[in-house]
Amino acid sequence: MAPFGFTRRCLFAAAMALTLPLALAAPVHAKTSQSQWVTVWSTAQMTPGADSALSPADATDATLRQTIRVAKGGDMIRLRLSNATGTEPLSLRNVHIARATITGGSAIDPASDRPVTFGGLNDIVIPAGADYISDPISMTVADQSVLAISFHMPTGLPQPQTGHPGSRTTSWLVSGDHVSDADLPEAKKFDHWFTISGLDIVNGSAKAAVVAFGDSITDGYGIKPNSDTRWPDFLGRRLKDKPVAVLNAGIGGNRLLLDGLGPNAQARFDRDVLSQSGVKYVIVLESVNDLGVLTRDAPVTQAAHDDLVARLKVAYLQMVTKAHSHGLKIYGGTITPFIGMDYYHPDALNEADRQAINSWIRTSGAFDAVIDFDAALRDPVQPDRLSSAYDSGDHLHPSSAGYQAMAEAVDLKLFEN
């Protein structure tokens, strides 16, 4: 016979379950192992600048619809929303996900529209600095599908806002709750993402993920909106027959050592790389902004150049150590040329710094493999400059052809074990 105290506790728990409001009851899910989930889309979070943040008036009592292209598909998904840089709670109502009917448009397929719940709740409050992962959603998603995520913001977005200004993907904002509307023809349009940070699948076509971790070159600066021609996009298409999803964790202006437009690479490595479900590989392409900012305003001493190079090596080693401690393989990307770039106006000393870092990446053995983006993009006659065939025109960022060349420089055998 069970002890009297134990029986009383069981009866009390049963009574509480009968009186628990239906809205708070735990949802019924298919049982899934944590190890089965793989992130198939993600983006790095930062605080939008004044030119990309939503105004309080526009964002209050408004519906925001945003689209994403997922690398791989499956029949069970979950969504991750973020209030990473907010200092107040984020309130969202009526979160939904559906298939978009056309790339670059706000129309959805109403038959595919699904509510997104978090612990059974469709209206959620995300604490400051936190990410929330949804309950599993039964939804068939094909590889390279475009999905639309919609939610109502009853009280706007907390300050500072959380998002990814360099989405190169169109979003729509309209007053009121229009989450399930088939189209939003009167909505305001802009090319930024807010609060959406990841989407996972389970038992789908992806068994692992590779994170492309970098700055504006990885973020796809210069591409046309909704074209999906960043180098990680091209790499994803090259991997279409392999069970590996490519995730883009690029942030414009990112640096290894100091904050820029977003948090420094060291500060965000855990969130943007290690926390992704099913991640097995990471490609690091960073440092060009560290090198350029050093002398953008005025020359510095040779000692300052040497010190920067030494500290960058330490920062790389920190990422290698973290990746290896989590069982990840980490591949070092060489820094691409930027002589001729007006904003940084680099000189021979900056080029010597770049060569020193690239030589270390190639020869130190710190990385599990090296991806020589420098060799893929440099001018064969003037190797301190981008090839004209791959230069977007600013002598730093590649063109779409350059981004494709970067993807083609990646040996796909790196993702076979």
Side-chain angles (χ1 to χ4, degrees), residues 36-46 64-82 84 95-100 103-104 108 112 114 116 131-134 136-137 139-151 162-171 191-214 218-220 223 225-240 242-251 271-283 407:
Q36 294 173 305
W37 288 102
V38 179
T39 302
V40 294
W41 175 85
S42 68
T43 191
Q45 301 301 296
M46 59 179 284
L64 181 60
R65 178 168 293 172
Q66 306 172 89
T67 60
I68 62 173
R69 183 180 293 278
V70 299
K72 301 287 184 178
D75 58 11
M76 187 78 71
I77 63 175
R78 64 185 186 185
L79 177 67
R80 186 166 68 249
L81 301 177
S82 182
V95 184
H96 276 234
I97 191 166
R99 283 190 290 271
T103 300
I108 62 170
S112 69
R114 300 284 190 276
V116 181
D131 286 5
Y132 265 20
I133 300 173
S134 78
I137 306 158
M139 183 177 185
T140 300
V141 176
D143 292 5
Q144 295 295 315
S145 290
V146 178
L147 302 180
I149 301 154
S150 306
F151 49 72
T162 297
H164 189 86
S167 68
R168 277 95 204 181
T169 303
T170 304
S171 299
D191 298 326
H192 313 300
W193 282 318
F194 295 90
T195 79
I196 56 173
S197 61
L199 188 125
D200 301 346
I201 60 100
V202 67
N203 295 329
S205 58
K207 306 305 178 186
V210 51
V211 178
F213 187 76
T218 297
D219 205 21
I223 71 167
N226 308 304
S227 66
D228 297 313
T229 53
R230 314 163 188 85
W231 75 258
D233 297 323
F234 284 113
L235 179 59
R237 289 192 278 277
R238 289 191 66 212
L239 286 166
K240 63 183 178 64
K242 295 184 181 292
V244 180
V246 181
L247 311 179
N248 192 322
I251 285 183
R271 179 188 294 275
D272 293 341
V273 177
L274 303 181
S275 70
Q276 305 303 326
S277 301
V279 64
K280 192 173 179 180
Y281 316 96
V282 55
I283 300 170

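Asp219 approaches Gly250 most closely through the heavy-atom pair OD1-O, 3.3 Å. Heavy atoms only, all atoms of each residue included: Ser82 and Gln45 are closest at OG-CG, 3.7 Å. Across all non-hydrogen atoms, the minimal contact from Val38 to Ala206 is CG2-O, 3.5 Å. Listed here is the closest heavy atom pair of Gln276 and Val211: CG-CG2, 4.2 Å. Smallest separation of non-hydrogen atoms from Pro232 and Val246: O-CG1, 3.6 Å. Across all non-hydrogen atoms, the minimal contact from Asp143 to Gly73 is OD1-N, 2.8 Å.
In this structure, the separation between NZ on Lys240 and OG on Ser205 is 12.5 Å, given to the nearest 0.5 Å. The distance from the OG atom of Ser171 to the CD1 atom of Ile196 is 6.5 Å, given to the nearest 0.5 Å. Between the CD1 atom of Ile68 and the CG atom of Leu147 there is a distance of 5.0 Å, given to the nearest 0.5 Å. Here the CZ-CG distance, from Arg80 to Asp200, works out to 6.0 Å after rounding to the nearest 0.5 Å. With rounding to the nearest 0.5 Å, the separation of CG in Asn248 from NE2 in His164 is 6.5 Å. A distance of 10.0 Å separates OG1 in Thr169 from CD in Gln66, rounded to the nearest 0.5 Å.
By the 4.5 Å heavy-atom criterion applied to side chains, Ile283 and Trp231 are counted as neighbours. A 4.5 Å side-chain heavy-atom check between Asn203 and Met76 finds every atom pair outside the cut-off. Within the 4.5 Å cutoff, side-chain heavy atoms of Met139 are placed close to those of Arg99. Counting heavy atoms from C-beta on, the side chains of Asp233 and Arg69 never come closer than 4.5 Å. Looking at Leu79 and Val95, their side chains come closer than 4.5 Å, going by heavy atoms from C-beta outward.
Across Ile137, Thr39, Ile97, a single residue satisfies side-chain contact (heavy atoms from CB on, under 4.5 Å) together with Leu199, and that is Ile97.
The pair Asp131-Arg271 meets the salt-bridge criterion, with a side-chain N (NZ, NE, NH1 or NH2) lying under 4.0 Å from an Asp/Glu carboxylate O.
With hydrogens and angles left out, the side-chain atoms of Asn226 and Thr170 include a donor and acceptor closer than 3.5 Å.
Put simply, the side chain of Lys72 gets close to the backbone of Lys242: a donor and an acceptor are under 3.5 Å apart. Ser112 contributes no side-chain N or O that, together with a main-chain N or O of Ala98, makes up a donor-acceptor pair within less than 3.5 Å.
Relative orientation of the Trp41 and Trp193 rings is perpendicular, given thresholds of 30° and 60° on the angle between their planes.
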### Task
Would you sort out whether Asp228 and Arg237 count as a side-chain contact (heavy atoms from CB on, under 4.5 Å), showing the intermediate values?
CA-CA 10 Å; Asp228 297 313; Arg237 289 192 278 277; 4.2 Å; yes

